[in-house]
Amino acid sequence: MKVLREISAASLSRARELARELSHDGLVGTLTEMEFLAIRLRRRGVHADIEQ
């Protein structure tokens, strides 16, 4: 959630929603946005794949 809050300036409750969405169906965004998110998640030890 910390990564999600850092990159999107989301509130804690919104970060929880994003984390839930990410862990179930995934998030939708541009390739650049998703790579940016994946890099930050991986730095924190979170496995992240990008599907196109």
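Position 1 is the first residue of the sequence; numbering continues from there.
- For Arg14, the salt bridge (Lys or Arg N to Asp or Glu O under 4.0 Å) partners are Glu17, not counting sequence neighbours.
- The side-chain contact (heavy atoms from CB on, under 4.5 Å) check on Thr30 picks up Thr32, Glu33, with sequence neighbours excluded.
- Leu12 belongs to a hydrophobic cluster whose remaining members, ordered by chain and number, are Met1; membership requires side-chain heavy atoms of ILVMFWY residues under 4.5 Å apart, directly or through intermediates.
- Separating the CZ atom in Phe36 from the CG atom in Leu41 is a distance of 10.5 Å, to the nearest 0.5 Å.
- Screening residues 34-52 for salt bridge (Lys or Arg N to Asp or Glu O under 4.0 Å) gives Glu6-Arg44 as the qualifying pairs, with residues at least two apart or on separate chains.
- The two residues Ala10 and Ala15 make their nearest non-hydrogen contact at CB-N, 4.1 Å.
- Residues forming a side-chain contact (heavy atoms from CB on, under 4.5 Å) with Leu27 (at least two apart in sequence, or on another chain): Leu4, Leu18, Glu21, Leu22, Met34, Leu37.
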